[in-house]
Amino acid sequence: MQPQIDGIEILTQICETKKRKMQEKGISLGYDLPQKREFPLICPTLLNDRTAPFVIAEVKRKSPTKGHISTITEPTKLAQIYINQGANAISVLCEEDYFQGSLQDLYAIKRAFPQACILRKDFILHKDEARVSYLFGADMVLLIVALFVDDMESFCAIYDELLAYNLTPLIEIHTLAEYNLIKDLNLQKAIVGINTRNLKTFQINKMEAMKLRAQIPKHIPVIFESGIQSEYDSFMAGSGGFQGILCGSFLVEQLDKKEAFLESSGDLDLSYNVDSKHTSHANTTTNSSSCSVALAELGGRSYLSDMTIHHNSANRSNYIDKGANLENLDSKHTPHHSIIHGLKQAFNIGANKAIFSTLLQRFYTKNHSMQKECYKPLIKVCGINDLEFLKESVKYADMLGFILTPESMRYVDRKFLQEAQKAFNTHKDSIPLRVGVVTHECVEVGVKYLEEGLIDCLQLHDMPISFCIESEIVKDIESFYGQYPLHTLYARLNAGLLPFYPSINYKELLHVEKGLQTHFALWDSSAGSGCDIDIVAIQDFLAKHKTLQGNLWLAGGISAKNLQTILTLKPMLLDICSGFESQKGKKSIPSLKEFFDLLDSLF
């Protein structure tokens with residue numbers, strides 16, 4: 001088991017070790033410095049196209065948090081697989097002592113794939129490292145603001161030197177305070193990365209990263225770093241307003257399970273054909289499509305149903321043309337769900353309607369002038385089954401919930417949703433997000449309403465607890481949703497038609513000791529029955545799980561009567577159903593007004 005490490009302490013150790021090595025071995029850390037750059041300088045596609053997802057796949061052997069991840073004896077083979085699967089850039093860990101990387105890895109990968117965009121991921125401390133990075137073949141260079149909070153003069157010197165060499169800085173931040181240190185720089189030739197990992201505790205906090213993204217102008221390209229463990233995480237990043245992701249440990253671990261495949265690929269051709277007429281740094285692939293297919297099959301979850309792995313090179317050449325762009329291949333020839341392609345598809349689904357980004361912007365607008373201790377929560381008015389009540393709710397709510405399960409007394413059908421459209425048309429500037437609440441029996445109905453534009457998002461009710469646990473996420477969703485597993489819906493629908501979030505029984509979550517993810521998930525205590533939230537239990541739980549503080553979405557018996565008590569939990573969102581009813585299933589406009597009048601008075 002990995003020992004608990006203080007993040008700031010290990011960060012200091014890494015930097016002190018590197019400083020000492022540079023003093024002893026020079027700025028190139030003992031490696032022979034090339035006399036000139038041998039490779040083309042590739043600009044990351046994100047700087048020219050903000051609409052396509054930008055995926056950086058990382059070559060990573062070890063980290064202080066995970067320990068050993070993979071031996072990766074031949075990093076060029078792993079890079080080849082990333083490129084085949086559609087990665088837009090390759091991140092190469094170059095720190096030697098704590099991550100077991102090197103500048104030699106960087107040089108070898110760029111030499112093998114000169115048309116690929118290569119990121120030097122390292123702890124850059126001196127402006128002369130810009131020249132080293134340039135000569136070794138880097139196209140992008142990571143700059144960590146946290147290393148320079150007391151010396152921004154040095155940061156700016158390094159930043160300017162990178163730009164002088166036409167290298168693209170990837171500026172990593174963790175907090176709003178760090179962003180404020182760099183916001184006045186000319187960021188037109190840079191990319192900002194928000195690392196979800198807290199440098200003090202090394203814990204992942206995805207929701208805080210999302211909130212930070214909402215406070216950065218939309219025209220600045222921002223990528224999501226750390227914490228990508230599934231397609232849902234990629235979907236969430238896309239929906240949260242990010243323009244791309246950096247994925248390391250997850251991809252390496254998926255491929256490391258196939259170590260024999262990486263080291264002995266049999267008849268599968270892993271060679272790379274560099275042809276300037278056909279090759280692009282964006283999504284370069286070769287005639288080894290079957291390599292991608294094989295990896296998808298070997299990746300722990302097979303998304304492919306009709307494709308055959310061809311080992312014979314002649315068959316392979318019929319399967320995919322040399323130098324073709326993975327994204328533009330005919331559908332019957334594309335490895336639809338290689339791991340990276342799946343991450344891209346999920347990202348696109350999230351980004352297309354940007355549900356979470358919309359909510360985060362509203363949350364930021366409500367709270368930008370407040371202290372963190374005084375968050376005003378977002379409000380979802382749920383179980384709406386009355387048009388007059390709906391018209392009043394539109395004036396107040398951030399989200400509106402429509403229950404699509406026929407067994408519920410609050411059930412509404414297509415006709416009601418169509419009539420509801422008229423209420424939205426009268427409030428074009430303040431339309432709340434429309435959420436269809438579904439169980440596994442009626443998820444397909446919800447999908448149809450999404451396709452028809454009658455709702456904006458699905459709330460998948462009573463999801464398994466594993467959805468919120470880092471080591472378990474998405475493992476049993478397929479069985480829970482029977483013939484409509486989420487990845488099947490991804491593949492069946494066009495991008496953007498399946499925005500969703502889960503609803504989970506919070507009492508089960510209270511028994512989780514560790515590994516809970518902070519992402520958009522509704523903690524529900526009652527499923528519309530009016531059962532109150534156990535305030536004391538959640539307070540005790542939050543005391544042990546600090547990353548969840550200020551990030552909870554809560555439902556269950558919430559009304560004007562207990563609002564002040566509920567607010568002591570500092571929730572991010574409150575979902576109210578029975579609290580707006582005069583009797584079960586009967587909505588009350590006076591109760592709605594009373595609640596929002598009280599909420600406004602408290603802030």
Side-chain angles (χ1 to χ4, degrees), residues 46 49-55 173 175-176 179 183 187 191-196 205-228 230-246 343-368 375-380 397-401 424 428-436 450 453 455-460 490 494-502 517-522 550-553 571-573 575:
L46 180 57
D49 183 3
R50 307 287 174 83
T51 61
F54 185 72
V55 175
I173 61 173
T175 65
L176 180 60
Y179 172 70
K183 68 179 182 180
L187 298 176
I191 297 171
V192 174
I194 297 178
N195 196 325
T196 66
N205 195 325
K206 298 173 187 176
M207 192 73 85
E208 289 302 318
M210 297 288 214
K211 290 176 181 176
L212 178 54
R213 176 64 186 104
Q215 299 174 73
I216 299 175
K218 292 182 179 180
H219 70 272
I220 296 176
V222 184
I223 66 169
F224 186 99
E225 299 181 26
S226 298
I228 298 293
S230 67
E231 288 176 352
Y232 180 73
D233 287 327
S234 186
F235 156 81
M236 185 182 69
S239 186
F242 290 84
Q243 281 68 51
I245 60 174
L246 190 156
L343 292 176
K344 281 190 168 184
Q345 189 178 31
F347 189 96
N348 264 330
I349 290 170
N352 187 265
K353 290 192 175 180
I355 297 300
F356 297 152
S357 178
T358 300
L359 287 175
L360 288 162
Q361 287 295 330
R362 292 184 181 184
F363 184 77
Y364 172 61
T365 299
K366 286 185 177 187
N367 294 286
H368 71 277
Y375 280 151
K376 185 176 184 179
L378 299 165
I379 303 296
K380 174 176 170 241
D398 301 293
M399 301 170 76
L400 301 172
F424 299 116
K428 292 184 178 180
D429 295 331
S430 58
I431 298 175
L433 294 173
R434 302 161 299 166
V435 180
L450 279 172
I455 55 177
D456 302 305
C457 180
L458 289 180
Q459 176 181 310
L460 304 182
Y490 282 146
N494 293 324
L497 294 179
L498 190 62
F500 73 96
Y501 65 88
Q517 300 211 73
T518 54
H519 53 45
F520 300 91
L522 180 66
N551 293 322
L552 293 184
W553 288 20
M572 181 182 175
L573 178 142
D575 184 322

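Along the sequence shown, residues are numbered consecutively beginning with 1. Everything numeric here is computed off the predicted structure, so don't read it as measured data.
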Given Phe224, which partner from the list Phe347, Phe242, Phe54, Phe235 fulfils the ring-ring contact (aromatic ring centres under 6.0 Å, His included) test? Phe242
Just how far is it from atom CG of Leu522 to atom CD of Gln459, taken to the nearest 0.5 Å? 5.0 Å
Sorted by chain and residue number, the side chain to side chain contact (heavy atoms under 4.5 Å, CB included) partners of Ala214 (sequence neighbours excluded) come out as Leu360, Gln361, Tyr364
Would you say the side chain of Val222 lies within less than 4.5 Å of the side chain of Gln243, judging by non-hydrogen atoms? yes
If every non-hydrogen atom of Arg362 is compared with every non-hydrogen atom of Ile431, which pair is closest and at what distance? NH2-O, 2.5 Å
ring-ring contact (aromatic ring centres under 6.0 Å, His included) partners for Phe363, two or more places apart: Tyr375
Please name the pair of heavy atoms, one in Pro571 and one in Pro377, separated by the smallest distance, quoted to 0.1 Å. O-CB, 3.5 Å
Who pairs with Ser226 by side chain to side chain donor-acceptor pair (under 3.5 Å), at least two apart in sequence or on another chain? Asn195
Minimum side-chain heavy-atom gap Pro499-Leu450 below 4.5 Å: yes
Ile194 side, atom CD1; Leu246 side, atom CG - distance, nearest 0.5 Å: 13.0 Å
Counting C-beta onward and ignoring hydrogens, is there a side-chain heavy-atom pair between Ile173 and Val192 closer than 4.5 Å? yes
With side chains defined as the heavy atoms from C-beta onward, is the minimum distance between Pro53 and Lys344 less than 4.5 Å? yes
Note: Asp233-Lys206 ion pair, threshold 4.0 Å (strictly below): yes
Do the side chain of Arg213 and the main chain of Ala209 share a donor and acceptor less than 3.5 angstrom apart? no
Show your working on side chain to side chain contact (heavy atoms under 4.5 Å, CB included) between Leu400 and Val435 and close with a plain yes or no. CA-CA 6 Å; Leu400 301 172; Val435 180; over 6 Å; no
Who passes ring-ring contact (aromatic ring centres under 6.0 Å, His included) against Phe520, sequence neighbours left out? Phe356, Trp553
Checking Leu573 against Ile379 for the side chain to side chain contact (heavy atoms under 4.5 Å, CB included) test, could you report, in this order, the C-alpha distance in whole Å, the side-chain angles of both residues, the deciding distance, and whether it holds? CA-CA 6 Å; Leu573 178 142; Ile379 303 296; over 6 Å; no
How many angstroms lie between atom CE of Met236 and atom CD of Glu231, to the nearest 0.5 angstrom? 14.0 Å
Using a 4.5 Å cut-off on heavy atoms from C-beta on, say whether the side chain of Pro432 contacts that of Asp398. no
How long is the straight-line distance from SG of Cys457 back to CZ of Phe500, given to the nearest 0.5 Å? 9.0 Å
Between Leu433 and Leu359, is any pair of side-chain heavy atoms under 4.5 Å apart? yes
Pairwise distance CG(Asn367) to CD(Gln215) - rounded to 0.5 angstrom: 9.5 Å
Mind checking the OG1-CE spacing from Thr196 to Met207? Nearest 0.5 Å is all I need. 12.5 Å
Set of residues satisfying side chain to side chain contact (heavy atoms under 4.5 Å, CB included) with respect to Ala521, sequence neighbours excluded: Cys468, Pro502, His519
Among Ile349, Asn348, Ile245, the one residue meeting side chain to side chain contact (heavy atoms under 4.5 Å, CB included) with Ser234: Ile245
Excluding sequence neighbours, so at least two apart, what forms side chain to side chain donor-acceptor pair (under 3.5 Å) with Asp456? Arg434
